[in-house]
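Owing to the predicted nature of the structure, the values given are computational and were not obtained by experimental measurement. Chain identifiers are assigned alphabetically (A, B, ...) following the order of the sequence lines, protein sequences preceding nucleic acid strands; residue numbering begins at 1 within each chain.
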Protein chains: 2
Amino acid sequence: MSRENGAQISLGTLLFIAQRAFEEEIVANLHAQGFEFSLSQGRLAARIAENGSRLTDLASAAGITKQSAGYLVSQLEAAGLVQRQDDPQDARAQLITLTELGRRAQLAARQAESAIEAAWQEHLGEESIAMLRRQLEALRPLVDRHQPRN
Amino acid sequence: MSRENGAQISLGTLLFIAQRAFEEEIVANLHAQGFEFSLSQGRLAARIAENGSRLTDLASAAGITKQSAGYLVSQLEAAGLVQRQDDPQDARAQLITLTELGRRAQLAARQAESAIEAAWQEHLGEESIAMLRRQLEALRPLVDRHQPRN
DNA sequence: CTATTTAGTCAGAATCACTGACTACATTGG
DNA sequence: CCAATGTAGTCAGTGATTCTGACTAAATAG
């Protein structure tokens, strides 16, 4: 993990730089639109499925403990972005779903993402970004133990 | 910020998955070798230049405040991985350098990185990983403006 | 039916990040 | 030279996020 050794920057560092830039840009964009949430809350909310997600699944997808996920969901709930519902399938479980406000936030986030991708395409070319996406998608099954069933 | 049926997976999420997997693998690998440090400490240590780095520069490179960087450096120092030295050029400044132990950790980290890259190449092909690296490198100047904070 | 697993909570603590205020040294312009 | 301003780093206080461990309740396997 070193920087600047014969111009070989670690792949991990490169991923880190791109990832953080992407994430911070979205948060800044949504904040500017009046949506209030933290980075961690956003990471969790980004993983809520259309039809609702269980807390444990969210935790697993986000790579945090279910305790941490519960803490973040409570905050998102207080902010009016998500709601907890009983899972009709399993009385132990909850379904975390987006509220109307949450859905608006999600839409705004998608637009922000598209804007970032467009900006990146403008500098690197459409082909490069498509390729970047393709490599990362190919990497995912190797690396992401939690595959969402969608 | 979405992950459902028709839509693509967000580029941000893809970056997140790859980045976190890479990082966690390295930390796990080094822990298994007996090196003890946290993710945040590792992120900072990874940015220490061969000839030493200033605290403020490390903070900027890692995207945290110098106060936070100072906190992490103190921990790395206590763990015997880095040391603070006076900067002969500037009496206000320190040079954070790796100790012998720190250098061994850095070497181990580099080997862990190589192993991950090799594993990725095995699944995606050498060409794909080289391309991934190239796109990320091209992205960097767009995205990494090292904005100093506080 | 009992034993085990799974979903989620509560309580407590550690880590890591922030802001604000401060000291000490450096640099610059008159 | 020296006053003004800028930069490097620290101290103090706080907030956010995450963890571990212990727990309840429901589901499931034998």
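Between B/S10 and A/E113, the side chains place a donor N or O and an acceptor N or O closer than 3.5 Å (distance only, hydrogens not considered). Between the side chains of B/Y71 and B/Q67, no donor-acceptor pair is found at a separation under 3.5 Å.
The shortest distance between the side-chain N/O atoms of B/T65 and the OP1/OP2 oxygens of C/dA17 is not below 4.0 Å. Listed pair B/Q41 / C/dC16 meets the phosphate criterion, a side-chain N or O lying under 4.0 Å from OP1 or OP2. For the OP1/OP2 pair of D/dT7 and a distance below 4.0 Å, the side-chain nitrogens and oxygens of B/T56 include no atom meeting the criterion. OP1 and OP2 of C/dA7 both lie 4.0 Å or more from every side-chain N or O belonging to A/Q67. The side chain of A/S40 contributes no N or O atom lying less than 4.0 Å from OP1 or OP2 of D/dA16.
Other residues sharing the hydrophobic cluster of A/M131, ordered by chain and number and joined by side-chain separations under 4.5 Å: B/M131.
The side chain of A/I64 sits closest to D/dC19 out of D/dC19, C/dG8, D/dA8.
Taking the salt bridge (charged side-chain N to carboxylate O under 4.0 Å, His left out) definition, one finds that B/E126 meets it with nothing, sequence neighbours left out. Judged as a salt bridge (charged side-chain N to carboxylate O under 4.0 Å, His left out), and not counting sequence neighbours, A/R104 has no contacts. In terms of the side chain to side chain donor-acceptor pair (under 3.5 Å) criterion, residue partners of B/S68 (sequence neighbours excluded) are, by chain and number, B/T65. Residues passing the side-chain contact (heavy atoms from CB on, under 4.5 Å) test with A/A138 are B/L124, sequence neighbours excluded. Annotation: salt bridge (charged side-chain N to carboxylate O under 4.0 Å, His left out) contacts of B/D90 (sequence neighbours excluded): B/R54, B/R92.
In the helix from C/dC1-D/dG30 to C/dG30-D/dC1, the terminal helix axes, each the rotation mapping four pairs' C1' atoms onto the next four within five end pairs, subtend 40°, rounded to 10°.
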Identify the pairs formed between an N or O of the protein and an N or O of nucleotides 3-6 of chain D at a distance under 3.5 Å, and give each distance.
unit_1 : atom_1 : unit_2 : atom_2 : d
D/dG6  : N2     : B/R92  : NH1    : 2.7

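Listed by first and then second residue, the salt bridge (Lys or Arg N to Asp or Glu O under 4.0 Å) pairs that reach into residues 24-39 of chain B come to none, sequence neighbours excluded. Applying the salt bridge (Lys or Arg N to Asp or Glu O under 4.0 Å) test to residues at least two apart or on different chains, the pairs with a partner in residues 67-84 of chain A are A/E77-A/R84.
Computed from coordinates, the A/Q94 CD to D/dA27 P distance equals 14 Å when rounded to whole Å.
Across the interface with DNA chain D, nearest-nucleotide mapping of A/G63 and B/R54 shows B/R54 to be the residue nearer the 5′ end.
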Would you tabulate the side-chain donor-acceptor contacts of residues 114-122 of chain A under 3.5 Å, counting partners in other chains and residues two or more places apart, or write 'none'?
unit_1 : atom_1 : unit_2 : atom_2 : d
A/S114 : OG     : A/R110 : O      : 3.1
A/E117 : OE2    : A/R133 : NH2    : 3.0

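Within a heavy-atom distance below 4.0 Å of DNA chain C, the residues of residues 68-90 of chain B found are B/S68, B/Y71, B/L72, B/Q75, B/D90.
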